[in-house]
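What follows is one structure encoded as C-alpha cells, with my remarks underneath.
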Amino acid sequence: MEIKTYGDSCLSEASDKVKEFDCNLKKTIEDMKKTLRSQEGIGLAAPQVGINLRIFIMDVNYGKKNVKRKLQEFINPVIIDESNEDVLSPEGCLSLPGISECVYRSSSIVLKYQDENGCEHISDFDEILSKCAQHEIGHLNGELFIDKLPKNKRMLLGSKLSDIRKGNG
C-alpha cells in the first residue's frame, strides 16, 4: 500500500465507522500490517493508505527487549478515559517524512475498540503506546500531529510542508 503524505485530502477527512467485519476487512488489515512492517513506524492508520475507515494498527510490543514485534488492529477505537497528566515528547509521522516536533499527549489512556472479528475490547496504554494510539486516532479524525503545534511553530515548518506537498519530502 502507498503511504499518503501531507497535502493528500484523505488525511484531512474524518473516517467512517467500520460496519462490515468480513474478509475484505481482514485483507485490508493484513495489507496494512505488511505496509507497516516495511516502514520504521510503530503505527499506521487507514487514512494514511487512502482508506476512509476507523482502523489503525500498532506494534503493541514496541520497546520491549527480546520480544517479537506484534502488530495489533484497533477498529472503531474510542478513548474512554485519559490521565490528567500531559507529556511533551517528540513525534514523527509516516505521512510527514522528515518532520519531528514535540507535542503534548495524555500520559495514559483507556481505549475501547473492536478486533477484526468485531469483538469488543478495552485496554490500558501508557507512555509511547498511549502517544501512538492518540496519534493514530488523530488520523481517524482527519488530524495530523502538526495540528497540535502552536501557530508560530507550524509556520516555521512551511517550506518543509510545501516540499512534502509537492512530492519532494
Side-chain angles (χ1 to χ4, degrees), residues 1-17 32-33 35-64 69 71-113 123-169:
M1 302 175 112
E2 175 190 344
I3 303 285
K4 305 297 182 184
T5 56
Y6 180 79
D8 193 304
S9 63
C10 64
L11 295 173
S12 60
E13 299 169 6
S15 298
D16 295 332
K17 187 173 181 176
M32 286 177 66
K33 287 179 178 180
T35 301
L36 186 58
R37 281 187 189 102
S38 72
Q39 305 295 316
E40 293 186 23
I42 67 168
L44 180 69
Q48 290 181 274
V49 290
I51 298 170
N52 186 21
L53 290 173
R54 296 192 69 78
I55 305 167
F56 77 86
I57 57 173
M58 179 171 72
D59 180 358
V60 295
N61 282 339
Y62 185 82
K64 295 180 182 174
R69 190 171 197 192
L71 299 180
Q72 182 176 329
E73 74 276 1
F74 299 85
I75 302 169
N76 300 325
V78 176
I79 297 172
I80 57 174
D81 195 20
E82 59 187 317
S83 71
N84 291 327
E85 179 188 5
D86 287 343
V87 177
L88 181 66
S89 59
E91 281 188 35
C93 181
L94 296 173
S95 295
L96 291 161
I99 294 180
S100 177
E101 291 290 334
C102 290
V103 295
Y104 283 99
R105 300 276 186 190
S106 294
S107 62
S108 63
I109 62 169
V110 178
L111 189 66
K112 182 169 94 173
Y113 60 95
S123 296
D124 297 334
F125 294 108
D126 60 9
E127 299 178 357
I128 193 154
L129 295 180
S130 170
K131 181 172 76 168
C132 180
Q134 292 171 77
H135 176 109
E136 301 308 333
I137 289 170
H139 281 298
L140 304 182
N141 296 331
E143 302 163 354
L144 297 171
F145 83 90
I146 58 171
D147 296 333
K148 297 181 73 57
L149 295 173
K151 188 177 182 180
N152 63 334
K153 275 230 175 199
R154 264 193 89 172
M155 288 177 62
L156 292 173
L157 294 173
S159 63
K160 285 183 180 179
L161 294 173
S162 180
D163 286 345
I164 293 170
R165 186 185 301 264
K166 293 175 186 171
N168 300 327

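Just so it is clear, the values below take in all heavy atoms, side chains as well, and ignore hydrogens, waters and symmetry mates.
- Minimum interatomic distance between Leu129 and Phe125 (heavy atoms only, all atoms of both residues): CB-CD2, 3.9 Å.
- Under the 4.5 Å side-chain criterion, counting only non-hydrogen atoms from C-beta, Ser107 is not in contact with Asp126.
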Legend entry - Full working for side chain to side chain contact (heavy atoms under 4.5 Å, CB included) between Cys93 and Tyr6: CA-CA 10 Å; Cys93 181; Tyr6 180 79; over 6 Å; no

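- Between the CG atom in Asp81 and the OG atom in Ser108 there is a gap of 7.5 Å [rounded to 0.5 Å].
- Put simply, the side chain of Leu149 reaches to within 4.5 Å of the side chain of Leu157, judged on heavy atoms.
- For the atom pair OG1 (Thr35) and NZ (Lys33), the distance works out to 12.5 Å, reported to the nearest 0.5 Å.
- With a 4.5 Å cut-off on side-chain heavy atoms, Met32 and Val49 count as touching.
- Partner of Leu71 under the side chain to side chain contact (heavy atoms under 4.5 Å, CB included) criterion, chosen from Val60, Leu44, Asp59: Asp59.
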Inset, instruction - Determine, stepwise, if the pair Glu91 / Arg105 fulfils side chain to side chain contact (heavy atoms under 4.5 Å, CB included). - result: CA-CA 10 Å; Glu91 281 188 35; Arg105 300 276 186 190; 2.7 Å; yes

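- Side-chain contact between Phe56 and Cys132 is absent, with no heavy-atom pair separated by less than 4.5 Å.
- For the atom pair CD (Glu136) and CD1 (Ile57), the distance works out to 8.5 Å, reported to the nearest 0.5 Å.
- The neighbour count for Glu13 CD, taken as heavy atoms of other residues, nucleotides or ligands under 6.0 Å away, is above 12.
- Pro97 is listed as a side-chain neighbour of Ile164, based on a closest heavy-atom distance under 4.5 Å.
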Inset, instruction - Evaluate the side chain to side chain contact (heavy atoms under 4.5 Å, CB included) criterion for residues Leu36 and Arg69: first the C-alpha distance (whole Å), next the side-chain angles of each, then the deciding distance (0.1 Å), finally the verdict. - result: CA-CA 11 Å; Leu36 186 58; Arg69 190 171 197 192; 3.8 Å; yes

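- A search for side chain to side chain donor-acceptor pair (under 3.5 Å) contacts involving Asp86 returns nothing, not counting sequence neighbours.
- Residue Ser106 holds its OG atom at 13.0 Å from NZ of Lys131, rounded to the nearest 0.5 Å.
- Under the 3.5 Å distance criterion, the side-chain polar atoms of Asn141 are left unmatched by any main-chain donor or acceptor of Glu143.
- The distance from the OG1 atom of Thr5 to the CG atom of Leu96 is 8.5 Å, given to the nearest 0.5 Å.
- Contact record, Leu94 with Gly41: CD2-N, 4.3 Å, taken as the closest heavy-atom pair.
- Surrounding CG of Asn84 are at most 12 heavy atoms belonging to other residues, nucleotides or ligands under 6.0 Å away.
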Inset, instruction - Test side chain to side chain contact (heavy atoms under 4.5 Å, CB included) on Ile79 and Gln134 and set out the steps. - result: CA-CA 8 Å; Ile79 297 172; Gln134 292 171 77; 4.0 Å; yes

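- The minimum heavy-atom distance between Ser100 and Pro90, with the atom names listed, is OG-CB, 4.0 Å.
- Between the side chain of Lys160 and the backbone N or O of Ile99, no donor-acceptor pair lies under 3.5 Å.
- Of all the heavy atoms in Tyr113 and Ser123, the pair that sits closest is OH-OG, 3.0 Å.
- Rounding to the nearest 0.5 Å places OG of Ser15 at 11.5 Å from CD1 of Ile137.
- Between Leu140 and Ala46, the closest heavy-atom pair is CD2-N, 4.5 Å.
- Paired with Ser95 under the rule side-chain hydrogen bond (donor to acceptor under 3.5 Å, both in side chains), one option of Gln48, His139, Lys4 passes, and it is Gln48.
- Nearest heavy atoms, Ile109 versus Ala133: CD1-CB, 3.8 Å.
- Under the 3.5 Å distance criterion, the side-chain polar atoms of Asp147 are matched with a main-chain donor or acceptor of Leu144.
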